[in-house]
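Please read the structure below before turning to the comments.
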Amino acid sequence: MSLLRVCAFAKCLNRRSLFEKRAVRESAVGYCRLCLSIRNGAVRQITETPLQLQRRNISFVIPKVEDAKKRVLKQSQLLDVLDARIQQLQSDIILDVQQAKVQFVNVPSPGRVSSARGPKSLPQDTADIPKSGEVIVKGTSKSQPSRWIEKITQEKKKKQLHLKNVKEKPATKSKGSKSHSLLPGTSHKTISTTAKKTAPLTKKSTGRMKVSDKIRAAVSSVATTTTAATTAAGTTATSQKVSKGKRKNSKIQVPGDEDQRAAELAEVEMLERRLAQQEDQWTSASNPEPLQEGSEGTGYGDIQFSIRSYLEASVFAGHIDRAHSFLLSQHRVLRRRKHLNTDIYNIMMRVSAKKGTLNQIGRMFILLEEASLKPNLGSYCAALECMGRNPNCSPQVINRCLTQIEEDGLSLDNLFSQCVFREDERDMVLKAIHTIQPDYQPSVNLITEECSSSLVQDYYAQRANHQYPKLDFTQVELQERFKQQLDMEQACTVTIDSVEGAKPVTENMAKMRELLAEQRVQWQKILLQALRESKMILAKTNIKDYKLNLYPYLCLLEDREYVDIMIQSVANLPPSGESLKTLGRDLGNRVYTKYSVRQKHKNETVKKLGNIYDAYTDLLAKDTKVYDVHPREQWCKLETEQCSGPTLHGGENHWPYIVTLELGTYLVDIMVKNLKINSDILNSAYDRKRIPILYHMYTFRSTRQVGFIKPHPILTQMQQEAMETKLTFDSYVIPMLCPPVPWTSAKFGAYLLTPTKLMRTVDGATQHDVLLDKCQNLHAVLDSLNQLGNCAWRINKPLLDIIISIFNDRGSEKLDIPPPMSEAPKIPHFNPHDPTYTASEKAPMKREMINAKKKCGEMHSLRMDALYKLSIANHMRDKLFWFPHNMDFRGRTYPCPPYFNHLGSDVTRAILLFAEGKPLGPKGLDWLKIHLVNLTGLKKRSSLQGRLEYANTIIEDILDSANNPLNGKKWWMNADEPWQALACCMEIADAVRSPDPTQFISHFPVHQDGSCNGLQHYAALGRDVIGATSVNLMPCDEPQDVYSGVAQQVEEFRARDAENGQKIAQVLEGFISRKVVKQTVMTVVYGVTRYGGRLQIEKRLKEIDEFPKEHIWDASNYLVRMVFSGLKEMFTGTREIQDWLTESARLISKSGHTVEWVTPLGLPIIQPYHRVRNQVLKSTMQHINLQITHDSKERPDTVKQKNAFPPNFIHSLDSTHMMLTSLYCYSAGLTFVSVHDCFWTHALTVDTMNKVCREQFVALHSQPILQELSNFLLQKYCTGLAADAKNKKYQEYRRLVLLLAKVPQTGDFDLQQVKKSTYFFS
């Protein structure tokens, strides 16, 4: 026994020393990754300590002495064979490739990405399963070593025989490969084989297999005993056989004659040639970047964001040592080092630069080199800043730094234009440079290039006739308003009076308000102490340096600010509770907003912002000169002129969603554990004990269990009975008190200090931001958003007072004013365990209780929504204000304030007026009357003249509504939009009573609404004459109503089926109306399915009291089929385009890519629909399961991609039309705002807006929109893929190419007719 152990020990020592020598002596250049991982795996086994080897091998050493000897011998033989094989593969010969390829790369150095440690170095290998006939060779292969040696010998002989032929072949790179994918000096090596095909590629973007797949295929082909090594001649024969086999397979898969297949192949080849020729010709605005493997998202993006935000938070909180230790802990371990990039190291360089410690920056440069990263402009910026702060810095050092910048291909001008400066950093950098180059001044690169879209090139180039409007404010007034807005945003919260405070205070209300005030004082003290204790525990927790924790995020603000955020969330919690995820996210976002504002103060950007804004008001004010530039252009010019000091934008980075959620959940946990109240606070009869005011519980949403935070009924009762007079909101909830900062880039605009995104996205989605950052020219989109945001508003005070009086009374369901909770149904008491009731008796009781709870929850939600809107409106009643705008990922625009804006309900729209008034002019009063009739919904099929005549016949009712809205005839209450109708009645009454109605100053917005706008865009795309006529693209004497047309078509189908004896068609007689089919017709264009359409029709039928309820399901199922059939007959071109878009998206997503396109104005759009990835957040309260559907590393969700593409594409077109109309209205001096496809302006300028609207629609659809989309998709998804596609999935590739190239044919409709169509928008 002891002798065996000694022998094994000695052999291990000998082999260990042998490999250590080889590791030092031999270079790893040219080793394939799999061989290297096998070799290193063996090295690791042998480099273990003797005792570890002894323990691990004890099981086979003891029982069988001979087996142990044979095993050691086999291992040594295998290693020798592998070593010989590696040396054989190091030759610089390039062989033909058939099925398997081996691509060799340099082995990473110790400072490179990661060490080759078995499966961890090649994670993709672990998930792959070899096909039949394939053998994955590992270090413990059971193959006989003798056969390996024989095979290697045979291959050497055959290689020598054909060496001459092979050398004559040119060395070419595989299609789609990149020059930087291999390090310098790396040889290419591929092995021809007749092995069976490997598994198909999941990503074909680079046109070649993954390196790991190639290696596996090559090694497995060597290990497969049934496969003979081929010669060069044999290779050619094999390739012919393979290609024949593919053609044979294609015959089986795709039916059709040979001529058809040949024609299709020829067409595909022709398209490929056309794509190759046009690749350099397409404009940069619509020129997509070629797809690359992993191009849709980096694998380390979320981790990098988390590391970066953690370091920035630590530095901001003054925890420099913690940040430095954390960075070093990440850097020291190779598997964590790969998550770092240069910008992360730059964070610590900035800290050292502030201190003037150049040696620390030098160490960071060394760390960058160890991590195989290159310094960027930010790195050199920090170094130069440090040199500028250090008075003893040698000029030679500065000169060496400047020389290095040039050697790295960087420039000083780019450093000043691209780097983000804080405080006096820019001045310090310039000071250092002036030491060597005293006359240097950064070049001013004012962005002056024109928008690349042909739709607006003339708009920007020819401005002679433009009349940009001024605001009706003096410059001093605007500057004063800026100060008010700045104060509000610095506070981050706003406390306003509640409209319920106008109610008379009862004794009980006063008591409850006093109790709540006392409790809040106690809660603040308790939370303050609990927060400080938890921070002390976190600070002293003995965790490893590389672990992220929340301590830095809890030190960004004052402790009292965290407490105020928590108290605010308690006050806003609904009685039914809130999900832990939603509540945690809101708390985390509030902390981030305050932190972002504090950052801007610390970076000294607030003062510079004030200086630029003061100068910017010169463009807007009415008492200054007239400019011929847009707000964006003026702001960029001012920012360039005042370039010294900090940079206004780009300094802060949004926290990752997971960090925001974890921080918020941590604060919720503190609240739940510490906030308590006496149980007898409302009823002294109860025993006194401290009970929590918040409960953490679970509920089910569908089949998922969701954590909920619910307030105790005692707290809910106190809050409801108190009817407190104050409401606290985040500052961004309130409309702005000054014109918004113009959007100048995707990262800067809207609010003064509050962080705002240009594009609204799902929490955590980053692919939209990546696209926007790459997009160089968004001028038209940004200018449109700025124009919408620059419209000033005021409150319609008389109407607001009427609404508040009804709200504080008992509400009105008819007028959409929700009643108070005192009107809510009482929730019946129900004990499911009461033995006095049977199960059948308990069922209706339980159902009644559930319905009552649901009704109470809905009433509370509606009541609070109305309370917030009316309270904000009342707060702004004597002020003028603005709504900053941003957009969703399709380009549709929205006001940023969430509660009170003109996109809201009938109530909120009614109480909004333009701040600027304009005289009615000769036709203004007529437009007011027509607008009123439109709001009633009574004369949809009448001409404009008919509507005007109808308004004149009911003028007495209009005046009575204006004079006695609540006590008169109440005609206005029967309108479709009653509150807007009442507001219009008041405006008409004031105009009629004025001495000269044409000179009456009107602030009232008049609407012009598109006629089923989605179908209008489809009809224009397809030039469909019948469809165009149905949606008023064609001039007509009276408006065409597509909904009535479809209803009439469905009625014809029904009558035919009823004659044929179909029962459900007979039952539906007399029940088919415009109202029944309207919603389905409206939403078909936006992708509603038959199932969704059936539910819509079912709801409409249930509203008809006379319809027999037992036939509702059959009737709705029948009607939805008839509606779809009617639309198909009326809109043939629409259906073809919709089907083409749907099928294109299906094939694109099936190939593994998300659908992207670019709008005619150059806005890049990507659909963020991916397969669900579950991520678990292990918070202190519970594990939160996050279902992430936007992760770009996951495969696309094919169903969502294909269903969403048609409606999203149409939405992107209607947003483009709106933006074009906005720009040209602005250049004509009009006030213009929109609610998607409903355009608003003064009564005076309705005719001008209508003209612009029609001209821009024609201009938009005169572009070859579908052809440009086809070109974009072909270039994006079909270039560079042919070789790979032919090898793997040629049928899908061919179908995609042919489909994208086959743009749907168009009809004969003349677009110019739209300009003459009165009812296109009316």
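The figures here come from the full heavy-atom set of this structure, side chains too, leaving out hydrogens, waters and symmetry mates.
Among the candidates Arg585, Gln1175, Glu662, the single residue satisfying the side-chain contact (heavy atoms from CB on, under 4.5 Å) test with Tyr657 is Arg585.
Taking 4.5 Å as the limit, every side-chain heavy atom of Asn572 sits out of range of all side-chain heavy atoms of Phe729. Considering only heavy atoms from C-beta on, Val597 stays 4.5 Å or farther from Glu489 through its side chain. Side chains of Ile658 and Leu1186 form a contact here, defined as non-hydrogen atoms less than 4.5 Å apart. The shortest side-chain heavy-atom distance between Gln484 and Cys738 does not fall under the 4.5 Å cut-off. Here the side chains of Asn674 and Gln529 are not in contact, with every heavy-atom distance at 4.5 Å or above.
Within a 6.0 Å radius of CD in Gln642, more than 12 heavy atoms belonging to other residues, nucleotides or ligands are found. Taking a 6.0 Å sphere around CG of Asp321, one finds it holds 12 or fewer heavy atoms contributed by other residues, nucleotides or ligands. Within 6.0 Å of the CZ atom in Arg520, the count of heavy atoms belonging to other residues, nucleotides or ligands exceeds 12. The number of heavy atoms from other shown groups lying within 6.0 Å of NZ (Lys676) does not exceed 12. The number of heavy-atom neighbours closer than 6.0 Å to CD of Glu407, taken from other residues, nucleotides and ligands shown, is above 12.
The pair Lys581-Asp586 fails the salt-bridge criterion, with no side-chain N (NZ, NE, NH1 or NH2) lying under 4.0 Å from an Asp/Glu carboxylate O. Classification of Lys747 and Asp769 as a salt-bridged pair fails, no side-chain N sitting under 4.0 Å from a carboxylate O. Look at Lys673 and Asp669 and you find a salt bridge, because one of the NZ, NE, NH1 or NH2 atoms lies within 4.0 Å of a carboxylate O, short of that distance. The pair Arg308-Glu312 meets the salt-bridge criterion, with a side-chain N (NZ, NE, NH1 or NH2) lying under 4.0 Å from an Asp/Glu carboxylate O. Salt-bridge annotation for Glu425 and Arg350: present, with a side-chain N of the basic residue lying under 4.0 Å from a carboxylate O of the acidic one. Between Glu423 and Lys602 there is no salt bridge, since no side-chain N of the basic residue sits under 4.0 Å from a carboxylate O of the acidic one. Salt bridge Glu561/Lys594: present, at least one basic N to carboxylate O contact under 4.0 Å.
Note: Tyr698 and Phe708 fail the aromatic proximity criterion, with ring centroids not under 6.0 Å apart. Aromatic ring centres of Tyr595 and Trp655 lie closer together than 6.0 Å. The ring of Phe305 has its center no closer than 6.0 angstrom to the ring center of His654.
For the residue pair Asp413 and Tyr440, a side-chain donor N or O sits within less than 3.5 Å of a side-chain acceptor on the partner.
Separation of atoms CG (Leu587) and CG (Leu667) is listed at 6.0 Å; rounding is to 0.5 Å. Here the OH atom belonging to Tyr345 is positioned 8.5 Å from the CE atom belonging to Met364, to the nearest 0.5 angstrom. With rounding to the nearest 0.5 angstrom, the OH atom of Tyr751 is 14.5 Å from the CG atom of Leu486. To the nearest 0.5 Å, atoms CG (Leu528) and CD (Glu533) are separated by 10.5 Å.
Ring pair His649/Phe748 is tilted by interplanar angle, where 30° to 60° counts as tilted. Between His768 and Phe889, the ring planes lie tilted relative to each other; the angle falls in the 30° to 60° range.
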*Kindly determine whether Leu340 and Leu327 satisfy side-chain contact (heavy atoms from CB on, under 4.5 Å), including the steps that lead there.*
CA-CA 9 Å; Leu340 305 179; Leu327 179 59; 4.2 Å; yes
